[in-house]
Amino acid sequence: MRILLTGASGFLGSHIAEQLDRQGADVRALVRPTSDTRFLEGLTHVTLLSGALTDKDSLLAATEGVEGIIHAAGLVKARHPAEFYQTNEQGTANLLDAAKQSAPGIERFVLVSSLAVMGPSEDGRPVPAGAAPNPVTHYGRSKLAGEQAARAEEHSLPITIIRPPMIYGPRDREVLPFFKSVQLGVLPLTGSPSSLLSAVYAADCAAACIKALDADVPSGSTYFVEDGGLETLGGLIAHMENALDRRAWLRVPVPRFLMYGAALGSEFYGRVMGRAVMLTRDKLNELLAPHWVCDSTEAQAALGWKPRTSFAEGTRLTAAWYRREGWL
C-alpha cells in the first residue's frame, strides 16, 4: 500500500513511520523544510516530501495516487489561538480536499485526533464515545473542528478517527520535564494526586493508527486508544520514580494563583521571543481538570489492535531511552 503520512517528523509520526518502514510499506512522509528529520533517517521505505498543510499544491502532489493516509500532523502549542485552527482545522480540510482530487483509489483516511475533543471526565469514569464533545481549550476545539471537517467528507472518503489520551514514550519532549523533576528530586504538583488519567505508549498508539488503515469499519468511525491501565496522577509519578530508581523527595502542590502567574509569564516570554509555549492560561483548563479518562475496548475489537505496553513498562523504556540519548 502506498501511504501518505503527515507529521512524520513529529513524536507520534516518527513512530508510525518506523513501524510502516518495518512492514515494508511505501511511505511518503510530508515534512516542512525546517522539520527535524533525524528520526526518519535510515528508513529505507520512507520518502521525504517537502510540503505543508497550508500549501495546497504540495498536498495535491503528496496525495497523488496514494491508497492510504495517516494524518498525524497537528499543533499542540501555538503562538496565538488562530494558529491551532489554521493547522488542526483548515490544514485537515486542505488535506481532505487534496485526497478527493488526487487519490481516487484511497482505501482509508486516518485522522489522529485527541481525547481533548471530548473534554475531561468529572466523575472519573471513561468518557463515552457517543457523548457530546466538550473541549476546554483552543487546542481541543481546533481538533474537534478538524474532526468535523473529516466527518463532512465521510460519504466521499473512507474516514477513521483515532482519539488518544496522553501519549508518551521515547522521543517525547512534553513528558520529559516530569522525568527531569523526579531526577532532581523536586516535583511541582499541578493537579491532585488522586486525579485519574488514561495514557498510551507511543509505539502502541502508532500501531493502532496503522491497524486503522486496514480495518473494515464504517466511514466516520471514531475510537479511543489507551493502554487499559487506569492510573492516578500519584501512580504515574510512582512509576516514573521506579523507572529512574529515584524518589522525588520534595513534592510541592502549586496553588492555582501561582500557576496562573506562571502561565502569564510563559505567555509573555512566548510573545517576546515569538515562540509557541505549552503553558498558557488556556492550557490550565486542561491541567486543572479533575480526570482525563477513556476506554479502548471498542478500538481493540474493531481494529484488531491491542496495547502491549503498560505505563510501568513504558516509563522504564522511556527513561532508558532518555538516558541513552543524553536527555536526562
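These numbers were taken from a predicted model, which means no experiment stands behind them. Numbers here are sequence positions counted from 1.
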Q: Give a yes or no answer on whether the side chain of T137 reaches the backbone of K283 with a donor-acceptor pair at less than 3.5 Å.
A: no
Q. Relative to W327, does R173 satisfy both conditions: NZ or CZ under 6.0 angstrom from the six-membered ring centre, and within 45 degrees of the ring's axis?
A. yes
Q: Apply side-chain hydrogen bond (donor to acceptor under 3.5 Å, both in side chains) to S14 and R171, showing your working.
A: CA-CA 9 Å; S14 68; R171 307 170 193 165; 3.0 Å; yes
**Q.** By salt bridge (charged side-chain N to carboxylate O under 4.0 Å, His left out) - contacts of R324 (at least two apart)
**A.** none
Q) Can you check whether A299's main-chain N or O pairs, donor with acceptor, with S296's side chain at less than 3.5 Å? A) no
Q: Could you check if a side-chain atom of I69 sits within less than 4.5 angstrom of a side-chain atom of R108, using non-hydrogen atoms only?
A: no
Q | Cation over ring face, R308 and Y201, 6.0 Å, 45° | A | no
Q) Would you call E241 and R246 a salt bridge, using N to O less than 4.0 angstrom? A) no
Q) Checking W321 side chain against R316 main chain: does a donor-acceptor pair fall under 3.5 Å? A) no
**Q.** Over 12 non-hydrogen atoms of neighbours within 6.0 angstrom of CZ in R151
**A.** yes
Q.
Can a side-chain donor-acceptor contact be found between S219 and H155 if the only test is distance below 3.5 angstrom?
A. no
(Q) Has D282 got a side-chain atom pairing as donor or acceptor with H138's backbone, closer than 3.5 angstrom? (A) yes
**Q.** Under 3.5 Å donor-acceptor, D26 side chain and M1 backbone
**A.** no
Q. Any donor-acceptor pair under 3.5 Å linking the side chain of S102 with the backbone of L60?
A. yes
**Q.** Cluster check V277, F268: I/L/V/M/F/W/Y, side chain < 4.5 angstrom
**A.** yes
**Q.** Check: K306 main-chain N/O paired with K211 side-chain donor or acceptor under 3.5 Å
**A.** no
